[in-house]
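Here's the structure, in C-alpha cells; my notes come after.
Numbering of ligands and ligand atoms starts at 1, following listing order. Since this is a predicted model, take the numbers as computed values, not measurements. Sequence positions, counted from 1, serve as the residue numbers for this chain.
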Amino acid sequence: MQRLAPALREDNVPLDLISLIKTVLAATKEISFRVGQGHLSGLMGSTLDENIQGEVQKELDVVANELFKDILLESGFVKAISSEEEDTSVAGNPDGKYIVSFDPLDGSSNIEINSLIGTIFSIHPAIDGMDASDPDMFKQAGNKQICAGYVLYGPSTMLVMTTGKGTHFYVLDRTYGGYLLVERNVQISEDTQEFSVNMSNQRFWESPMQDYINDLLLGTEGPRGKNFNMRWCAAMVGDVHRVLTRGGLFTYPADSKDLAKPNKLRLMYEANPMSFLVEQAGGLSVTSTQRIMDIEPTDIHQRVEVILGSKNEVNKCLSYYK
Ligand code: F6P
Ligand code: MN
C-alpha cells in the first residue's frame with residue numbers, strides 16, 4: 001500500500017502543502033491515540049465552559065483543539081487558523097502561505113458513548129497583504145479550498161482527503177505510524193435507497209423537506225415506488241463517511257425549532273470541506289437554493305443548511321423546493 005506523501009506527489013501536490021498536511025495529520029495521530037484510550041485518558045468529562053456556539057465543551061474537545069492549534073501555529077506553514085472552539089481566528093506566521101479551518105472533534109456528543117467522532121479540516125490560500133490577525137481572511141468561498149479532509153476515529157482511524165484530484169481513503173497503520181492509501185478516487189453511487197436525517201426535527205422543517213421525507217417513508221406504496229433505509233450517526237463525519245462509502249443522502253435541513261438558529265452545521269469547518277470531498281467523489285452538496293461551495297461567507301462561524309450525497313437523490317430532493 002502506498003504511503004501518504006508519494007500518493008500526494010502523484011497528484012502533483014506542492015511540497016509545502018504536503019508538509020502542512022503532514023503537520024495536520026501529526027495532530028490527528030495524537031488525538032486518535034487519546035480517543036482510543038477512552039476512560040483511561042482521563043478526558044471523558046465535560047468542562048464548565050461553553051464555546052462561542054453555546055455548546056458545552058468536553059475535555060477531549062479542548063485537548064484536541066489545543067493540539068491542533070499549537071502544532072499548526074508552531075509549524076510556520078500557516079498564516080492563521082480558525083476553529084469551532086475559538087471565538088475568532090488566531091494569527092500564525094505572517095509569511096505563512098495557508099490558512100486552516102477545523103472542527104477538532106466533530107460529533108462530540110458521541111464521546112461518552114464510545115461511538116464515532118472525527119476531525120474535519122479545510123485549507124485555503126492565505127491572502128497577501130492582509131494582516132494575519134484579520135478574521136476576514138477566512139471569508140473565502142468553499143470553491144477556493146485547496147485541500148479538505150476528515151479523520152474518522154472509528155474501529156480503524158481513517159483519513160479521507162482531497163486536494164482537488166479526487167477523494168481518497170487512507171487508514172492509519174499504527175505499526176508503521178502513518179496513513180496508507182487504501183482507495184483512490186472514491187465514487188458515490190448516483191442513486192441510493194438510504195437517507196440520513198435527524199427525524200426528531202421533522203415537524204420543524206420547511207414543507208418541501210417534510211414532503212420529500214414523507215415520500216421516502218411511503219416506500220413501495222408511495223410515489224418513489226421503492227423502500228428507503230435510514231441511518232443517523234449524530235456525527236457528520238460518520239454519516240458523510242457512509243455516504244462516500246455506499247451512497248446515500250445526508251441532510252441537516254433548516255428548521256424552526258429555535259428561530260435564532262435555523263441551521264445547525266457550520267459552513268467553514270463542516271459544510272465546505274465535506275462538500276469538496278463529496279463533489280470530488282461525484283456527488284452533490286447544496287442548500288435548498290444553491291451549491292454550498294459557492295456561498296460567500298460572512299462570518300467564520302456561520303451556519304448553513306446541508307443536503308449532500310448521491311447525485312440523483314439530491315436532485316430529487318431539490319425538485320420538492322421548486
Ligand atoms: O457538529 C454538529 C453535529 O454534531 C454534526 O456532527 C452532526 O451531524 C449533528 O451535529 C448532529 O445533530 P443532532 O444533535 O441534531 O443529532
Ligand atoms: Mn462538528
Side-chain angles (χ1 to χ4, degrees), residues 24 27-28 31 35 46 50-65 67-69 81-87 100-122 142 148-154 158 160 194-206 209 213 230-245 248-258 260-278 285 287 292 299-309:
V24 168
T28 67
I31 298 168
V35 167
S46 293
E50 282 186 356
N51 64 17
I52 193 161
Q53 342 259 335
E55 298 161 344
V56 175
Q57 290 177 305
K58 303 273 167 54
E59 284 173 87
L60 211 50
D61 280 326
V62 174
V63 167
N65 185 54
L67 271 167
F68 255 95
K69 194 166 82 171
I81 58 116
S82 158
S83 159
E84 175 178 333
E85 306 300 339
E86 298 287 334
D87 296 359
V100 183
S101 306
F102 54 90
D103 178 351
L105 220 44
D106 177 62
S108 48
S109 71
N110 280 349
I111 293 173
E112 66 204 26
I113 60 164
N114 193 18
S115 193
L116 290 179
I117 46 178
T119 295
I120 312 174
F121 59 91
S122 160
Y150 62 81
V151 171
L152 181 64
Y153 308 110
M158 284 189 80
V160 176
E194 196 160 65
F195 69 99
S196 186
V197 67
N198 184 343
M199 283 298 296
S200 69
N201 294 326
Q202 186 174 27
R203 68 186 189 283
F204 301 109
W205 300 333
E206 294 169 344
M209 185 55 83
I213 298 286
M230 196 207 85
R231 288 285 184 269
W232 185 248
C233 291
M236 192 187 193
V237 277
D239 286 312
V240 170
H241 191 65
R242 189 187 53 260
V243 168
L244 284 165
T245 304
L249 177 136
F250 166 89
T251 180
Y252 213 112
D255 64 53
S256 58
K257 205 170 166 183
D258 173 356
K261 209 177 81 178
N263 296 304
K264 172 137 194 194
L265 300 176
R266 273 59 55 104
L267 177 65
M268 305 305 291
Y269 37 81
E270 292 179 324
N272 267 341
M274 293 311 202
S275 299
F276 196 12
L277 293 167
V278 164
S285 186
T287 69
I292 287 178
D299 185 281
I300 56 176
H301 295 298
Q302 86 190 65
R303 296 173 190 263
V304 66
E305 178 183 36
V306 174
I307 308 167
L308 63 77

Atoms in ligand 1 with a heavy atom of Asp106 nearer than 4.0 Å: 1 (O), 5 (C), 6 (O)
Whether Ser122 side chain and Tyr269 backbone form a donor-acceptor pair below 3.5 Å: no
Of all N/O/S atoms in Asp103, the name of the one nearest the Mn ion (ligand 2): OD2
Nearest protein heavy atom with distance in Å, relative to atom 14 (O) of ligand 1: Lys264 NZ, 3.1 Å
Distance (rounded to the nearest 0.5 Å) between Leu244 CG and Leu277 CG: 6.5 Å
Gln302 side-chain N/O to Asp299 backbone N/O, donor-acceptor pair under 3.5 Å: yes
Side chains of Leu152 and Val160 in contact at under 4.5 Å (non-hydrogen atoms): no
CA sep, side-chain torsions, deciding dist, call: Tyr252, Asn201, side-chain hydrogen bond (donor to acceptor under 3.5 Å, both in side chains): CA-CA 10 Å; Tyr252 213 112; Asn201 294 326; 3.1 Å; yes
Donor-acceptor under 3.5 Å (Asp106 side chain, Gly118 main chain): no
The one among Arg303, Glu270, Met236 that brings a heavy atom closest to atom 1 (O) of ligand 1: Glu270
Which of the ligand 1 atoms, numbered from 1, are nearer than 4.0 Å to a heavy atom of Arg266: 1 (O), 2 (C)
Donor-acceptor side-chain pairing of Tyr153 and Thr28 below 3.5 angstrom: no
Which residue and heavy atom of the protein sit nearest atom 15 (O) of ligand 1, plus the separation: Tyr252 OH, 2.6 Å
Ion pair Glu85/Lys69, N-O distance below 4.0 Å: no
Ligand 1 to Glu84 polar contact by distance, N or O atoms, under 3.5 Å: no
Ligand 1 contacted by Asn198 (non-hydrogen, < 4.0 Å): yes
Contact (N/O only, under 3.5 Å) between Asp239 and ligand 1: no
Atom of Asp106 closest to the Mn ion (ligand 2), considering N, O or S atoms: OD1
Nearest non-hydrogen protein atom, atom 16 (O) of ligand 1: Trp232 NE1, 3.0 Å
Name of the Glu270 atom (N/O/S only) found closest to the Mn ion (ligand 2): OE2
